[in-house]
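So the structure is just underneath, and the comments pick up after that.
Any value given below was found using the heavy atoms of this structure, including those in side chains, with hydrogens, waters and symmetry copies removed. Remember, predicted model here, so these are calculated numbers, not experimental data. Counting starts at 1 for both ligands and their atoms, in listed order.
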Amino acid sequence: MRKFLIAGNWKMNLNADEGADLVADIVSVAGKQTSVNVCLCPPFTGLESAAKGVEGSNVSLGAQNFHPEPSGAYTGEISAGMLRHLYCSHVILGHSERREYFSETDAFINQKVKTSLESALKPILCVGETLEQRESGQTNEVVRKQVQGGLAEIMASQSEGLVIAYEPVWAIGTGKTATPEMAQEVHAEIRNLLSQQLSEEVANRTRILYGGSMKPENAKELLAQEDIDGGLIGGASLKASSFNAIIEAAIELAS
Ligand code: PGA
């Protein structure tokens, strides 16, 4: 059985103090339960205060990006080791906003996935098609390229902790959600790709999250799908009331 992972992607929102308040409100609801995994991904500047807030609880911490080199002349960048030092256990990689606004390629994302696995940081590798690609029937092809490219040269034995997030770009921050059936179809396809590229065992244990306007109103239906193992939540993760409601929906389904 795969445990649900509910992850909050705060993007470029909330300063360290605002983040600490949100962490406290989430930890008070989700900090002691053990039936679902919860992970918060603040901006870099919020990691230290968030780490203090989640200490001793079951809520874990993730970053939204990092640079694949361990150190060096990369002005403005942050390494995996620095994130581990701030108690991060997860890192979001290949988010569509990074692909689009920062020109990240599958090859560069692949370097980061490799480094994260070597550094005991669990990668949340994001994949997903644009509206144009969906409408022209290219969804499976786009997702296949991103999964294969992101995981190139990674062996089944190295993939412990890998998480995939299917985020249709047209559903991110738009209020448009993929129907549970639409999402399930792509999730099943991703699991099939993992089975081909890594192994059936890896495919069965790897969590595939859905992301794109997930909110309390649609979380339960999405999470009830066979191959949807959690959510990567943007907008609705910025308010404790909506994020906690999604966590509670997952807890209910898990019990
Ligand atoms: P959203 O963002 O929930 O605001 O659509 C999801 C994401 O980009 O991870």
- Query: Can you find a heavy atom in the side chain of Trp10 that is under 4.5 Å from one in the side chain of Gln64?
  - Reply: yes
Which of the ligand 1 atoms, numbered from 1, are nearer than 4.0 Å to a heavy atom of [X]:
X	answer
His95	7 (C), 8 (O), 9 (O)
Gly212	5 (O)
Gly173	1 (P), 4 (O), 5 (O)
Ala171	5 (O)
Lys11	2 (O), 7 (C), 8 (O)

- Message: Would Cys126 count as a contact residue for ligand 1, given that I'm defining contact as a non-hydrogen atom of the residue lying under 4.0 Å from a ligand atom?
- Response: no
- Proximity flag Lys215 to ligand 1, non-hydrogen atoms under 4.0 Å: no
- Task: Check the surroundings of atom CD in Glu181: do more than 12 heavy atoms from other residues, nucleotides or ligands lie under 6.0 Å from it?
- Result: yes
- Message: Looking only at the side chains, is there a donor atom on one of Thr130 and Gln133 sitting less than 3.5 Å from an acceptor on the other?
- Response: yes
salt_bridge([X], [Y]) N-O dist < 4.0 Å:
X	Y	value
Glu104	Lys112	yes
Asp25	Lys239	no
Glu201	Arg205	yes

Polar-atom distance check: [X] versus ligand 1, any N or O pair below 3.5 Å?
X	result
Gly234	yes
Ser213	yes
Gly235	yes
Gly211	no

- Query: Should the proximity of Asn9 to ligand 1, defined as any heavy atom under 4.0 Å, be assigned to the side chain, the backbone, both, or neither?
  - Reply: side chain
- Passing option when Phe243 is tested against Leu238, Val38, Leu22 for side-chain contact (heavy atoms from CB on, under 4.5 Å):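 It is Val38; the other options fail the test.
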- Task: Check Val91, Ile208, Val113, Val147 against Leu125 for a side-chain contact (heavy atoms from CB on, under 4.5 Å) and give me the one that passes.
- Result: Val113
- Message: Evaluate Tyr166 against Gln146 for side chain to side chain donor-acceptor pair (under 3.5 Å), listing each step before the verdict.
- Response: CA-CA 11 Å; Tyr166 169 56; Gln146 292 175 341; over 6 Å; no
- Note on the structure: atom 7 (C) of ligand 1 sits nearest the protein heavy atom Glu167 OE2, 3.2 Å
